Amino acid sequence: IGCYNVLIDAYGNNGQPFEAEKTLKLMRDMACIPNEDTFNFLMHAYRKAGEFEKAEDIFSLMQNLGYRPGILTYNTLIDVVGATGNCYKAEKVFEEMHSAGYVPNTSTYTLMISMYGKKRLSSKAEKLFQRMRRAQCPPSIFTFTALINAYAKEGLCEKAEKAFEYLQYLGYQPDVYLYNALLEAYSIGGYPAGASDVFSAMMKAGCMPDSVSYNILLDAFGRVGLYEDAERVLEAMRKTGFNPNLKTYMLLLRAYAKAGKVEEAEKLVSDMEAGGLEMDTFVCNCLLNAYGLAGRYDKMEELFLKMQSGCPKADISTYNTLINIFSQGGYTLKAEELFDSIRKEGLHPDLTTWTSLMGAYAKKKLYRKCVNIFQKMLNSGCRPD
RNA sequence: CUCAGUCCUUGAGGC
């Protein structure tokens with residue numbers, strides 16, 4: 001059984017969840033009884049591959065076979081349910097495990113807090129953190145990172161700062177992950193100077209910034225239009241020996257777009273191409289958005305035409321980006337036109353598509369149309385969030 | 001000991 005478990009785990013780590021599940025079948029054929037770890041490894045395998053529903057299925061399978069999932073398995077389940085974005089269901093699992101007699105541990109709470117952060121529900125994250133304290137469950141540096149990240153995503157720097165002071169008061173040593181989360185609070189909050197201060201503070205404390213830190217600092221300047229400062233961060237990053245990655249470039253691209261610097265944006269893209277980065281759909285979507293933000297609809301349409309003929313292929317995010325640009329610019333008709341062409345391309349509107357389209361009319365205060373679209377969205381089977 | 005934390009395109013208004 002140990003051998004089979006190791007094999008399943010290995011397949012999982014190698015991104016081969018289906019091989020892992022075959023191994024489970026094999027071991028059952030060989031009359032070898034799987035244990036809880038077996039199922040846990042299998043769930044991890046599916047989680048790693050992004051097959052969250054399959055991971056949930058394994059949990060059900062395990063229960064149907066008469067196993068009582070332990071706390072570790074429950075944690076994994078909460079993780080995968082949260083990854084599908086179904087907060088409500090994750091909460092249900094959390095309560096269910098409570099009533100099954102398990103006491104949530106530090107990981108359980110951290111997972112939940114992290115999930116709330118990703119969903120921009122910092123108040124829920126905060127409440128759960130308080131509940132954790134009341135339950136005398138000790139937080140870890142992971143927990144604090146998740147909490148500060150939840151605040152960061154909403155730009156609540158005062159709250160993030162308070163949590164930061166609190167963790168230090170409790171004797172925790174902030175690490176680079178923690179500092180990065182705090183940095184992002186200032187970045188998203190629109191305080192690049194504050195982010196700069198955190199950046200200096202972490203170095204002073206002997207915690208060396210990593211490439212993530214540089215990306216966040218760059219974005220702090222970029223998102224308020226200070227593209228030259230953003231460029232300086234990139235330069236500093238290179239000088240320190242960190243290679244800018246795709247995220248770095250996309251952040252800088254947005255910085256240029258916000259500042260209306262189309263020439264700089266195009267130069268960046270051609271530098272990227274020269275550097276061997278592939279101009280895939282994702283990158284082109286970013287570029288479309290950049291053109292749109294900068295008000296260069298001509299360039300935007302030109303690129304979109306190329307994408308419609310398939311190089312690289314337009315996806316639903318391409319349409320969402322364009323619909324959003326037109327919506328913001330007040331070009332409701334263009335937005336509608338694009339929306340109608342989605343199905344012709346064999347694509348399907350998603351939650352963002354519908355919301356963007358509603359946004360077009362919301363901006364014009366045509367609320368009746370919004371309700372209309374909302375109804376259509378429900379009819380099409382798209383669940384609102 | 002295992003499980004959990006930070007950065008990349010697209011969603012109105014407000015802060």
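Quick caveat: nothing in here was measured; it's all calculated off a predicted structure. Every chain is numbered from 1 and lettered A, B, ... according to where its sequence line falls, protein lines coming before strand lines.
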What's A:T352 touching, base or sugar-phosphate or nothing? Going by heavy atoms closer than 4.0 Å. base

B:U10 base / A:N324 side chain donor-acceptor hit below 3.5 Å: no

So which protein N/O to nucleotides 13-15 of chain B N/O distances come out below 3.5 Å?
unit_1: B:G13; atom_1: OP1; unit_2: A:K363; atom_2: NZ; d: 3.3

Separation of atom CD1 in A:I325 from atom P in B:A12, rounded to whole Å: 11 Å

Interatomic distance where CG belongs to A:L218 and P belongs to B:C7 [whole Å]: 15 Å

Between [X] and [Y], what is the shortest heavy-atom contact and its length?
X	Y	value
A:I141	A:Q173	CD1-O, 3.5 Å
A:Y179	A:P174	CE1-CB, 3.7 Å
A:A259	A:G225	CB-O, 4.0 Å
A:L42	A:P17	CD1-O, 4.3 Å

Writing each nucleotide of RNA chain B 5' to 3' as (, ), [, ], | or . by Watson-Crick or G-U pairing under 3.5 Å yields ...............

Which pairs would a plain distance check flag for residues 182-191 of chain A, meaning a side-chain donor or acceptor within less than 3.5 Å of a matching protein atom at least two apart in sequence or in another chain?
unit_1: A:E184; atom_1: OE1; unit_2: A:K153; atom_2: NZ; d: 3.2
unit_1: A:Y186; atom_1: OH; unit_2: A:E161; atom_2: OE1; d: 2.6
unit_1: A:S187; atom_1: OG; unit_2: A:A220; atom_2: N; d: 3.4

Distances for protein N/O vs nucleotides 3-6 of chain B N/O pairs under 3.5 angstrom?
unit_1: B:C3; atom_1: O2; unit_2: A:N75; atom_2: ND2; d: 3.1
unit_1: B:C3; atom_1: N3; unit_2: A:S107; atom_2: OG; d: 3.0
unit_1: B:A4; atom_1: OP1; unit_2: A:R47; atom_2: NH2; d: 3.3
unit_1: B:A4; atom_1: N1; unit_2: A:S140; atom_2: OG; d: 3.2
unit_1: B:G5; atom_1: O2'; unit_2: A:A146; atom_2: N; d: 3.2
unit_1: B:G5; atom_1: N1; unit_2: A:D175; atom_2: OD2; d: 3.0
unit_1: B:G5; atom_1: N2; unit_2: A:T145; atom_2: OG1; d: 2.8
unit_1: B:G5; atom_1: N2; unit_2: A:D175; atom_2: OD1; d: 2.9
unit_1: B:G5; atom_1: N2; unit_2: A:D175; atom_2: OD2; d: 3.0
unit_1: B:G5; atom_1: N3; unit_2: A:T145; atom_2: OG1; d: 3.0
unit_1: B:U6; atom_1: O2; unit_2: A:N180; atom_2: ND2; d: 2.7
unit_1: B:U6; atom_1: O4; unit_2: A:Y177; atom_2: OH; d: 2.7

Paired with A:N285, the side-chain hydrogen bond (donor to acceptor under 3.5 Å, both in side chains) test is passed by just one of A:T318, A:D280, A:N320, namely A:T318

State which residue, out of A:I78, A:V81, A:L77, fulfils the side-chain contact (heavy atoms from CB on, under 4.5 Å) condition with A:K89. A:V81

Contacts to RNA chain B from residues 119-138 of chain A, heavy-atom cutoff under 4.0 Å, which residues? none

RNA chain B contacts made by residues 266-291 of chain A, counting heavy atoms under 4.0 Å: A:F282, A:N285, A:C286, A:N289

Quick one: does [X]'s side chain get under 4.5 Å of [Y]'s, heavy atoms only?
X	Y	value
A:E345	A:Y319	yes
A:K267	A:D271	yes
A:I342	A:H348	no

